[in-house]
Enquirer: 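Dumping the structure here so I can ask a few things about it.
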Amino acid sequence: MAAFWHPDAEQVELPSLVRPLGHRRPWSEMLEAYAAGFLARQAYEVTDVLADGDRLAVRLRWTATAATAAGPIPAGAELVAHVAVSYELRDGLILRQSSYDCYEPLPTAC
């Protein structure tokens, strides 16, 4: 992750089905979440990118498989979200990521 993210990075999740109150995550929490291994796999299908200097706007389809259960999401669940995300870069690295995640209905059992 350090190859892409600035040490002062912040990830902002706006309110969504999975995070109804939204969430702000500093670099240290991003690393902890990545190491926790909630996802067995994930993939991104980028559909649009707009660039303006050190700012990007991206639309994508995200798919993932949950490795472990978390809240209402059972282990093995297939997750799909349609996402609009903005990136702010510093020194060629991601400083801030703000995402608007539109999840397809969450599976309740696998």
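Start at 1 with the first residue, then count along the sequence. Because only heavy atoms are used, hydrogens play no part in the values below, and waters and symmetry mates are left out as well, while side chains stay in.
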Enquirer: Enter the distance from Arg90:CZ to Arg96:CZ here, rounded to the nearest 0.5 Å.
Expert: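 Atom-to-atom, Arg90:CZ and Arg96:CZ are 8.5 Å apart.
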Enquirer: Honestly curious: do Leu14 and Val85 fall in one hydrophobic cluster under the side-chain, below-4.5 Å linking rule?
Expert: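 Cluster IDs for Leu14 and Val85 differ.
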Enquirer: Please report the shortest heavy-atom distance between Ala64 and Leu39, naming the atom on each side.
Expert: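 It is CB-CD2, 3.9 Å.
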Enquirer: Which residue in the set Glu13, Glu29, Gln11 passes side chain to side chain donor-acceptor pair (under 3.5 Å) when paired with His23?
Expert: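 Only one of Glu13, Glu29, Gln11 forms a side chain to side chain donor-acceptor pair (under 3.5 Å) with His23, namely Glu29.
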Enquirer: Please test Leu89 against Ile94 for side-chain contact (heavy atoms from CB on, under 4.5 Å), starting from the C-alpha separation and ending with a verdict.
Expert: CA-CA 5 Å; Leu89 307 176; Ile94 302 167; 4.0 Å; yes
Enquirer: Taking atom CG of Leu56 and atom OG of Ser86, what is their separation to the nearest 0.5 Å?
Expert: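 With rounding to 0.5 Å, CG (Leu56) is 9.0 Å from OG (Ser86).
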Enquirer: For His82 and Glu45, run side-chain contact (heavy atoms from CB on, under 4.5 Å): C-alpha distance rounded to whole Å, both residues' side-chain angles, the deciding distance at 0.1 Å, then the answer.
Expert: CA-CA 10 Å; His82 305 273; Glu45 179 186 331; over 6 Å; no
Enquirer: Can you tell me how far apart OH (Tyr87) and OG (Ser99) are? Round to the nearest 0.5 Å.
Expert: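 Tyr87 OH to Ser99 OG: 8.0 Å, rounded to 0.5 Å.
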Enquirer: Taking Tyr44 as the starting point, is it possible to reach Val80 by hopping between hydrophobic residues whose side chains are less than 4.5 Å apart?
Expert: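 They do not share one cluster, since no chain of ILVMFWY contacts under 4.5 Å joins Val80 to Tyr44.
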Enquirer: Gly76 and Thr65: which non-hydrogen atoms are nearest, and at how many Å?
Expert: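 Closest heavy-atom pair between Gly76 and Thr65: O-CG2, 3.9 Å.
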Enquirer: Can you tell me how far the NE2 atom of His6 sits from the CG atom of Leu95, to the nearest 0.5 Å?
Expert: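 CG of Leu95 is found 6.0 Å from NE2 of His6.
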Enquirer: Just how far is it from atom CZ of Arg25 to atom CD of Glu32, taken to the nearest 0.5 Å?
Expert: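 That separation rounds to 10.0 Å.
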Enquirer: Please name the pair of heavy atoms, one in Pro15 and one in Pro20, separated by the smallest distance, quoted to 0.1 Å.
Expert: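 Shortest heavy-atom separation between Pro15 and Pro20 comes out as CB-O, 3.2 Å.
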Enquirer: Can you tell if the side chain of Leu79 reaches within under 4.5 Å of the side chain of Thr63, non-hydrogen atoms only?
Expert: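 A side-chain contact is absent here, since even the closest heavy-atom pair is not under 4.5 Å.
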Enquirer: If you round to the nearest 0.5 Å, how far is CD of Glu10 from CH2 of Trp5?
Expert: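 Interatomic distance, Trp5 CH2 to Glu10 CD, rounded to 0.5 Å: 10.0 Å.
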Enquirer: Would you indicate whether Tyr100, at its atom OH, is surrounded by more than 12 heavy atoms from other residues, nucleotides or ligands within a distance under 6.0 Å?
Expert: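 No, because the 6.0 Å sphere around OH of Tyr100 holds 12 heavy atoms or fewer from other groups.
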Enquirer: In sequence, state the C-alpha distance, the side-chain angles, and the governing distance for Leu106 and Leu17, and then conclude on side-chain contact (heavy atoms from CB on, under 4.5 Å).
Expert: CA-CA 9 Å; Leu106 295 175; Leu17 184 62; 3.8 Å; yes
Enquirer: Kindly give the heavy-atom pair with the smallest separation between Gly37 and Ala67, and that separation in Å.
Expert: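 Where Gly37 meets Ala67 most closely, the heavy atoms are O-CB, 3.5 Å.
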Enquirer: Please answer: with hydrophobic residues joined when any side-chain heavy atoms are less than 4.5 Å apart, are Phe4 and Val12 in the same cluster?
Expert: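 Not linked; separate clusters.
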Enquirer: Of all heavy-atom pairs between Phe38 and Ala70, which one has the smallest distance, and what is that distance?
Expert: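 The answer is CE1-CB, 3.4 Å.
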Enquirer: Can you get from Val49 to Leu60 by hopping between Ile, Leu, Val, Met, Phe, Trp and Tyr side chains that sit under 4.5 Å apart?
Expert: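 Result: yes, single cluster for both.
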Enquirer: Any pair with a residue in residues 46-57 that passes side chain to side chain donor-acceptor pair (under 3.5 Å), sequence neighbours left out, goes on the list, sorted by first then second residue, please.
Expert: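 Applying side chain to side chain donor-acceptor pair (under 3.5 Å) to every pair that reaches into residues 46-57, excluding sequence neighbours, yields Asp48-Arg59.
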